[in-house]
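Taking it in order: structure first as structure tokens, then the write-up.
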Amino acid sequence: GAEGSTLMSYFSKNQIQALKPKITFSTLRDLQCPVLQSNDLQGKPEESCSTEELFEWLGAVLNQVSLDNKSSSFLSTYCCPEPNTVVEKAFLCTITGFIIPEKIIQLLEQLCCYFGEPKLAHWLTLTVHGFADSPVSWRESEHGFHKGGENLYNFVIFRNLDYWLHMAVGTHDDCPP
């Protein structure tokens with residue numbers, strides 16, 4: 001009766017709110033960025049940084065860790081890998097919620113607009129995190145939480161549309177093919 005329809009409207013209204021992703025924007029000024037060459041995954045001394053160095057740097061930036069290697073810092077003495085360059089303005093957008101693969105493809109396509117005038121980005125990156133306590137990770141396997149619940153992949157796309165793909169999973173999880 002009336003009680004059932006009230007309950008349904010309550011759940012449908014609250015589910016819609018729960019599924020709406022939360023979006024935050026920030027601008028990072030004078031950010032030290034690794035120098036990358038799309039065709040050089042391992043990096044070369046004094047020329048470019050490796051994929052591993054980039055992935056580590058990205059973790060520091062996304063977690064807002066200072067990159068200036070101060071010995072007085074109790075949190076981190078991490079510094080940006082060499083060679084690096086200072087970018088006057090970097091744009092960081094975080095979307096939190098349940099996001100379907102089609103939306104991720106749309107985001108990638110929109111991000112590629114940053115290669116055009118007047119922005120002319122050299123490279124850009126998109127990181128997709130699964131929830132740390134998600135029941136599944138890759139393939140049909142259960143996701144083992146253990147220590148950190150790692151469950152993510154990261155695209156680095158270059159102006160010539162070459163790309164790198166990082167994938168990170170927990171120790172006991174299946175890795176994708």
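Just so you know, these numbers use all the heavy atoms, side chains as well, and skip hydrogens, waters and symmetry mates.
Heavy-atom minimum distance, C33 versus W123: CB-CZ2, 4.4 Å. Residues L124 and L111 approach most closely at CD2-O, 3.0 Å, considering heavy atoms. In plain terms, the two heavy atoms of F115 and I157 that are nearest each other are CZ-O, 3.3 Å. Taking every heavy atom of both residues into account, L54 and H166 meet most closely at CD2-CE1, 4.0 Å. Here the shortest heavy-atom pairing between R29 and K89 reads NH1-CD, 3.1 Å. Scanning both residues, I95 and P21, for their nearest heavy atoms gives CG2-CB, 3.7 Å.
A donor-acceptor contact shorter than 3.5 Å links the side chain of W57 to the backbone of Q32. In terms of modelled atom types and a separation under 3.5 Å, the side chain of T27 and the main chain of F91 share no donor-acceptor contact.
Both L161 and L107 are part of a single hydrophobic cluster, where members link through side-chain heavy atoms under 4.5 Å apart. Residues L31 and L92 share a single hydrophobic cluster, defined by chaining ILVMFWY side chains whose heavy atoms lie under 4.5 Å apart. Clustering ILVMFWY residues whenever any of their side-chain heavy atoms sit less than 4.5 angstrom apart, transitively, puts F25 in the very cluster that holds V128.
Here the CD1-OG1 distance, from I23 to T94, works out to 10.0 Å after rounding to the nearest 0.5 Å. For the atom pair L36 CG and S50 OG, the distance stands at 9.0 Å (nearest 0.5 Å). Here the straight-line distance linking atom CD1 of I105 with atom CG of L126 works out to 11.0 Å at 0.5 Å rounding.
No option in Y114, Y163, W164 other than W164 meets the ring pair (Phe, Tyr, Trp, His ring centres under 6.0 Å) test with F158.
Taking a 6.0 Å sphere around CZ of F55, one finds it holds more than 12 heavy atoms contributed by other residues, nucleotides or ligands.
The closest side-chain heavy-atom distance from I104 to Y153 is below 4.5 Å. Within the 4.5 Å cutoff, the side chain of P34 has heavy atoms near those of the C80 side chain.
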